[in-house]
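Counting starts at 1 for both ligands and their atoms, in listed order. All residue numbers in this chain count up from 1 along the given sequence.
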Amino acid sequence: MSDTGEPHDFQQAVLLLEQEVQLLKERNLKLSQQLERQAQRHQEVERRLNLHPVSGLPTHYRMDQDVPLLLDKWKDQPDFTVAFLLIQLDSKFEMIKRTLKASVAEWILYQISERLREVTGETGWLYHTRDNEFLLIRPFRTQTELRILMKTVGAKIAEPHLFSGFNLMLGSHTGVSQFPADGFEKSALLHYADVALGYAQEQSQAVALYRADLEDRVIEKMELQNAIIKAIEAPALKEIGQQFELFFQPKLTLAARDDGRFRVEAVGAEMLMRWNHPTKGPIPPSRFIPVAEETGLIMPIGKWSLYQVVRKLRRWKTSSLKDVSVSINISPRQFRSSELVELLDRHVAEDISLASRLVLEVTETSLFEDPFVALESLTNFKRLGLKISVDDFGTGYSTLSHLHKFTLDEIKIDQSFVAGFPENAQDVAIIRSLVSIAKELNLNLVAEGVERMDQVTELYRLGCRTIQGYVTGKAMSEADLAVFVDNLAARDWILPS
Ligand code: C2E
Ligand code: CA
Ligand code: CA
């Protein structure tokens, strides 16, 4: 047995232990440095999550954290009433974003946040929840006070923005829910404000207060859906026509004459569906088409109406309507499906002359939702020789710079830009830029919703020569369209002024 090895072993063990401790210390230091860096990164992410870069207002993320805490506090105050205002800028904002410089949109957002900050005051909370959306939360005492608050918000946003000599005007829609009348939870209050916002948008009103019956509309929608099913349930496709009817609205291409009047160079017609319900009476397409689209019922309705249009176009060949081309609205669901291409293919194969007289109106959303699918559908339509028109232009979310990727023939300026034309300088600016884009891409430009002759003159002066709207004619039956065209021919194609 040796006793000399022991101290040596012991020293070595201590050394080893010290080394280990040193290593641990170093690892610890590294770890804490790493943690510190992580914390900094975390702070930066937090800051970005918490504050909107343009307005500097707290974001949706912040709101998600704050509101439950606020609600918890208020629950114990029986008489405390709070309004939740969900404010959304209208489609003009999107249009400004796309047509004017980015700095203009940013500047407008900043201005609006400043105005809303003022309305929010010291007693409320304001969040910039999405690019075009704000949530304003403010306590109120009486319903009158709430009404005034709602009115002020709408009015503040609508005030013009003066921008290098331009008066830019912006609309908004606001949905309002109330704590505690509508609910105690964040999710309920936001949902109800959103339901009210949807209603305000649908009704084109600035502000709507949530009411329980707004949700009844969902039930009404289901009833409508059942009625559509009944209407198209008829054994033969042809019999859908017992309730549905095709109307046509003239779309005229003009040329100015020396005497200041206009000559009609070409007549087109947009087919618009009418539904005469046996007990409910006429139901406008703005109500049943969205339901039909949502439920897929648009497919049999679309198939039937295309069949009808084709039959009519064939009949028109030997009548005064022989040169009239027909535009058909193609809903997003139809646009995506291969069924439509197959149907059109069959119709065109039977009568090749149809192709040059059919225009398909597709929405901007159809094109840009899935550009690859859209490209394929468009290629198929173009292969058949059909014309493609982009409907409601300016209301979707497309970027003008991507328009050239598609082979198109026409764009239709949405009615909302025509309604305030030419009084509203912003509408003038937007239409001007659409004229130059159409020219550049060699597209026909149509203004729809034109109601007055002075609008026709001004649109023509800016370079938009195809007009559709009440000024030249409302949607009418096939027989009335024939009379309309005959009358024009009798006047030597001069537009009545
Ligand atoms: P849209 O394609 O934008 O059609 C234009 C709408 O504006 C029509 O309403 C038309 O009557 C209306 N309008 C035309 N000129 C004026 C005017 O000067 N002033 C005003 N205030 N309004 C004018 P309508 O017929 O109620 O159709 C509404 C929408 O329903 C259409 O909008 C279209 O999106 C859809 N729709 C109609 N028929 C069909 C169809 O057969 N298939 C599909 N997929 N959609 C359809
Ligand atoms: Ca249309
Ligand atoms: Ca339209």
If the cut-off is 4.0 Å to any non-hydrogen atom of Glu451, which atoms of ligand 1 fall inside it? 17 (C), 18 (O), 19 (N), 20 (C), 21 (N)
Under 3.0 Å from the Ca ion (ligand 2) - protein N/O/S, by chain and number: Glu270 OE2, Asn329 OD1, Glu361 OE1, Asp391 OD2
Under-4.0 Å heavy-atom contact with ligand 1, by part of Asp391 that carries it: side chain
Do any N/O atoms on Ile330 end up under 3.5 angstrom from N/O atoms on ligand 1? no
Is there a side-chain contact between His128 and Glu133, using heavy atoms and a 4.5 Å cut-off? no
List every atom of ligand 1 that sits less than 4.0 Å from any heavy atom of Leu272, numbering the atoms from 1 in the order shown and giving each element. 4 (O), 8 (C), 10 (C), 11 (O), 25 (O), 27 (O), 37 (C), 38 (N)
Can you see whether Ser331 engages Gln334 through a side-chain donor-acceptor pair at a distance of less than 3.5 angstrom? yes
Exceeds 12 heavy-atom contacts within 6.0 angstrom, atom CG of Asp259: yes
For atom 9 (O) of ligand 1, is the nearest protein heavy atom closer than 4.0 Å? no
In terms of heavy-atom contacts, Leu354 and His347 come closest through CD1-O, 3.6 Å
Kindly state if atom 32 (O) of ligand 1 has a protein heavy atom within a strict 4.0 Å cut-off, that is, under 4.0 Å? no
Donor-acceptor pair, side chain of Lys382 and main chain of Leu386, under 3.5 angstrom: yes
With no hydrogens and no angle check, just 3.5 Å: does a side-chain donor-acceptor pair link Asp486 and Ser320? yes
Keeping Asp492 on the side-chain end and Ile494 on the backbone end, is there a donor-acceptor pair under 3.5 Å? no
Give me the nearest non-hydrogen protein atom to atom 35 (C) of ligand 1 as residue plus atom name, then the distance to 0.1 Å. Ile289 CG1, 4.2 Å
Check each of Val362, Ile467, Asn329 against atom 34 (O) of ligand 1 and report the one with the nearest heavy atom. Asn329
Any atoms of ligand 1 less than 4.0 Å from a non-hydrogen atom of Asp392? List them with their elements. 3 (O)
How many angstroms lie between atom NZ of Lys322 and atom OG1 of Thr318, to the nearest 0.5 angstrom? 9.5 Å
Residues Lys251 and Thr466: side-chain donor-acceptor under 3.5 angstrom: no
Which of the listed options, Met271, Arg274, Glu270, holds the heavy atom that is closest to atom 25 (O) of ligand 1? Arg274
Show which atoms of ligand 1 fall inside a sub-4.0 Å distance from at least one heavy-atom site of Val450. 18 (O)
Measure the distances from the heavy atoms of Ala475 to every atom of ligand 1 and state whether one is below 4.0 angstrom. no
Under 4.0 Å, heavy-atom basis, I'd like to know which part of Gln468 is in contact with ligand 1: side chain, backbone, both or neither. neither
Under 4.0 Å from one or more heavy atoms of Ser331, ligand 1 contributes atoms 44 (N)
Answer yes or no on whether Arg274 is positioned over the face of Phe288, meaning its NZ or CZ is under 6.0 Å from the six-membered ring centre and within 45° of the axis. no
Tell me the contacting part of Gln415 for ligand 1: side chain, backbone, both, or neither, using a 4.0 Å heavy-atom threshold, strictly below. side chain
Does the separation of the ring centres of Phe134 and Tyr127 fall below 6.0 angstrom? no
Evaluate Tyr470 for polar contact with ligand 1, using N/O atom pairs at a separation under 3.5 Å. yes
Lys474 atom NZ, neighbour heavy-atom count above 12 within 6.0 Å: no
So for Lys412, does at least one of its heavy atoms come nearer than 4.0 angstrom to any atom of ligand 1? no
Heavy-atom contacts with Gln334 under 4.0 Å: which atoms of ligand 1 show up? List them by number with element. 44 (N)
Quick one about Glu94 and Asn132 (side-chain donor to acceptor, distance below 3.5 Å, no hydrogens or angles considered), yes or no? no
So between Gly449, Gly473, Pro285, whose heavy atom ends up nearest atom 27 (O) of ligand 1? Pro285
With a 3.5 Å cut-off and no angle check, do the side chains of Gln455 and Glu423 form a donor-acceptor pair? no
Quick check: Gln249 and ligand 1, any N/O pair under 3.5 Å apart? yes
Of all heavy-atom pairs between Met453 and Val471, which one has the smallest distance, and what is that distance? N-CG2, 3.8 Å
